[in-house]
Each structure stands twice: as structure tokens, then as C-alpha cells.
2 protein chains.
Amino acid sequence: MKNPYHETILEFFSEHRRMPSYAEIARITGLNSKSSAYHAANRLIKEGWLVKDDAGKLIPGPRATGIRLLGSIAAGFPSPVEEELADVMTLDQLLIRNPQATFLLKVTGDSMVDEGIKHGDLVLVERTTDIKPGDIVVANIDGEWTIKYFRRRGKQVYLEPANKKYRTIVPREELRIDLVVKAVIRQY
Amino acid sequence: MKNPYHETILEFFSEHRRMPSYAEIARITGLNSKSSAYHAANRLIKEGWLVKDDAGKLIPGPRATGIRLLGSIAAGFPSPVEEELADVMTLDQLLIRNPQATFLLKVTGDSMVDEGIKHGDLVLVERTTDIKPGDIVVANIDGEWTIKYFRRRGKQVYLEPANKKYRTIVPREELRIDLVVKAVIRQY
DNA sequence: AGGGTAATCGAACGTTCGTTCGATGTCAAG
DNA sequence: CTTGACATCGAACGAACGTTCGATTACCCT
């Protein structure tokens, strides 16, 4: 019972992808009545952990949801405790525009190291037809999948690595590319 | 009505951070009865857009939710269409262990370029006391915030950049660090 | 020890929920 | 046109929901 209620409740949210009912709040927090859960939830609303939407349903509040996007490192740093937070969002909301066409790939090899994309990194890839020169793309060259810059000189398109050890690839035949890298994610 | 129901419903989810009730599904889809909404939802469940959890509540299904984590690029690539998906998760679930203590910072400067952390990148920072040598940390050195490797030689701790242009920092006085970099995110 | 504030409880309320049913409507194949 | 499969509808059910109330308990302050 050490755990404050908001942690228990938000844990439920991230596990179940929905908010618990008051009966469920009572169950998971150890409270013995719905009304205790109701009052506890109202306290959490006052504290900003939860909010009620237009329909009166509980949803995670500004203090709980997502990630706090703070200033830049060199520019200084809001006070660690109790930042009254400008922008709060989910990483998914931040990074993903078209969920149906987006997925994650693990990068193998070092052909893009000079771009800061290393072996083992994850790349967030979106399937799209809107590919512009300079984009980083995932392409199938002669049956092999690779990640490269998409370049164009005149009418000729080619794929350029971000690593001098590798050579630019000029496709022998027509090159169909529909996967563009929207983000790079590296975990430590 | 061009929009298939699952798009309307999942749109509701991402806007409201909860799934609609059947009455609400009827309203937003233009259906005139709860039971139509109920049957429509069941179809979507069969198609994988939605699922019901243990309590019978609707939650987004594997086809809708989060991101598909596929194989590595060099290792080949599951068929683009209709991958029967190993792992599906939210980016937040993937990256964030302790939501309360986690936030996002924008990196300024190039002191970590050799680690693949470039100017303008976002770093996912967690406040923790468990910092080990080799970790990438955000530290306050003489009033300035910087991002560096945390190193230790004997009893002496110091901060090392990942860029030969910069010098290692040996703190004059005691160094209190509680921000460790858990992930790097770069958007294109 | 005592007094006051806040948390918890159990019971009760009207409302909304998910679900089932049978009837009606739509559309394509035979 | 007839048949069958399927989507939609409106009404109905008990169960679960959010909320309120008054009584009880726990906790802090001096």
C-alpha cells in the first residue's frame, strides 16, 4: 500500500490501455468501497493526475500522460520539481503521423553512421509514395534491404550511404521505394 | 460515411484517450442504434482492429495499436502486406519505464556526435540515482547543463564527451548527477 | 488526551452500459 | 422475382456505472 493511488491507477492504464472504473480502482488500490475510490480519484483530479472528459469519464491528466518536453540542455533547464508543463504528449503522438503505415525496424550494419544511425538502432519507417531527394529511405536493392540516402542527379536516382567505407548504389533497373525513415530511436 | 468504422473509432480513441461506448460509436459513425454499433464493433474485432479485455471492455486491437516491430533490415523483411505480427507495442511502453521521472530534452551542441547524438536530437532522460560508469548522463557542471559519458577512474569521477574537439571535464567539487539518458530520438 | 480535518466505508439512487432478440431493409447471385 | 446473407434498427434485459449521503474511522496538531 506504499504506492500512492495515482501510480497504481496509471499502471492499470498502461497495462490495460483504458482507465479503470471506480469499482476497479477500489479493487486495485485495496480500498473497500467504490465511494472511497471515487473520492480518491477526485483528489487525483485536483492534483492533475487525472481528468474527466466531456462525458465524465476518467482519463489520464496532464501530470500523468506522456512525456514532458522540456527546454534544450544548453539553454538551461526548468526547475526539476513541479514544472508547470508547457507541452505534454505521448511519444506516439509525437512521432507517428500515420499509424497504419508505420513500423519499426532494427538497423544492421554501419552504412549510415555518419548520419548518427548506428548498428542496433531502431528506425521508425513509414510507407509512403512521397519520397524526396535527401530523405533517408529503406530500399530493396536486388533482393537486399538497405538503408540509405535517396539522391537524384538529373533523371538518375541513386542511393548514397553515410559512411565513406561504402559505395553509392546506382540501381541497374527501376527502383521502387516506398519506405521512408521518419525517426531514429536508440535505447540505452 | 466513406470512412470505415474502424478509422472513426480509432480516431475517437486518439482524441479522447479512451474507447467510445456503443452509444458513442453509434453517434460518431452515424448509426442509429446501439445494437448496430455493437454488431459493427464485433466485425472490427474479427478483423483485429479492436479487442475486448478480460472485463469485456473494448480496447484497440493489434491491428490498430502501436507499432509493428519487425525484423532487422539486413536480415530481410516480412512481407509488407498482412504481416501476422510478433510484437505490437506503444513507443511509450517500449521506451519508458518510469513515466513520472521521465522527460524529453533537446540536445544543443555536438559534444556527443561520436555516440550518434547530434545537435537537435531529443534525449529521453530519466531521473534516477542508479548511475553506472559508461552511462550517458545529463549533468549540471558549474551551473551549465551538459550531456556526457559518466566515467570513473579509481575514486575520481569525470565526464567525457564523445567528440575529440571537446575536453574531459573533471569536476572541481562534488558532482551530483541524477539524470541518465535512456534513449535518443531523432525526427526527420 | 482531545479536537478537527481528511480518508474510508456501506448503502442507495438513477443512468448508462453491454448484450440479446426479432423485425426490417439492402444487395447480389441464381 | 426469389433466395439468402448481411447490415441496420428499436425495444428490452439485468448488470455495472458514476455519484450522493451519512456514519465511521484514521491521523495530525498542541
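Below, read A as the first sequence line, B as the second, and so on, with proteins coming before strands; counting in each chain starts at 1.
The side chain of B/R43 contributes no N or O atom lying less than 4.0 Å from OP1 or OP2 of D/dA5. Contact annotation: B/N32 reaches the phosphate of D/dC9 (side-chain N/O to OP1 or OP2, under 4.0 Å). Between D/dA16 and A/R27, no contact under 4.0 Å exists linking OP1 or OP2 to a side-chain N or O.
Counting to the nearest Å, the P atom of C/dA7 and the CG atom of A/L44 are 11 Å from each other. To the nearest angstrom, C1' of D/dC6 lies 11 Å from NZ of B/K46.
No side-chain donor-acceptor contact under 3.5 Å links B/N163 to the backbone of B/V113.
Only one option out of A/R167, A/R151, A/K148 pairs with A/E160 in a side-chain hydrogen bond (donor to acceptor under 3.5 Å, both in side chains); it is A/R151.
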(message) What does the B/S/- profile of nucleotides 14-28 of chain C look like, 5' to 3', with a 4.0 Å heavy-atom cutoff to protein?
(response) ---BBBBB-------

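For B/K132, the side chain to side chain contact (heavy atoms under 4.5 Å, CB included) partners are B/D130, B/D135, not counting sequence neighbours.
Contact between A/H16 and B/D53 at its shortest, heavy atoms only, is CD2-OD2, 4.5 Å. Nearest heavy atoms, A/Y149 versus A/G134: CD2-O, 3.9 Å.
Residues in residues 24-44 of chain A take part in these ring-ring contact (aromatic ring centres under 6.0 Å, His included) pairs, two or more places apart or across chains: A/Y22-A/Y38.
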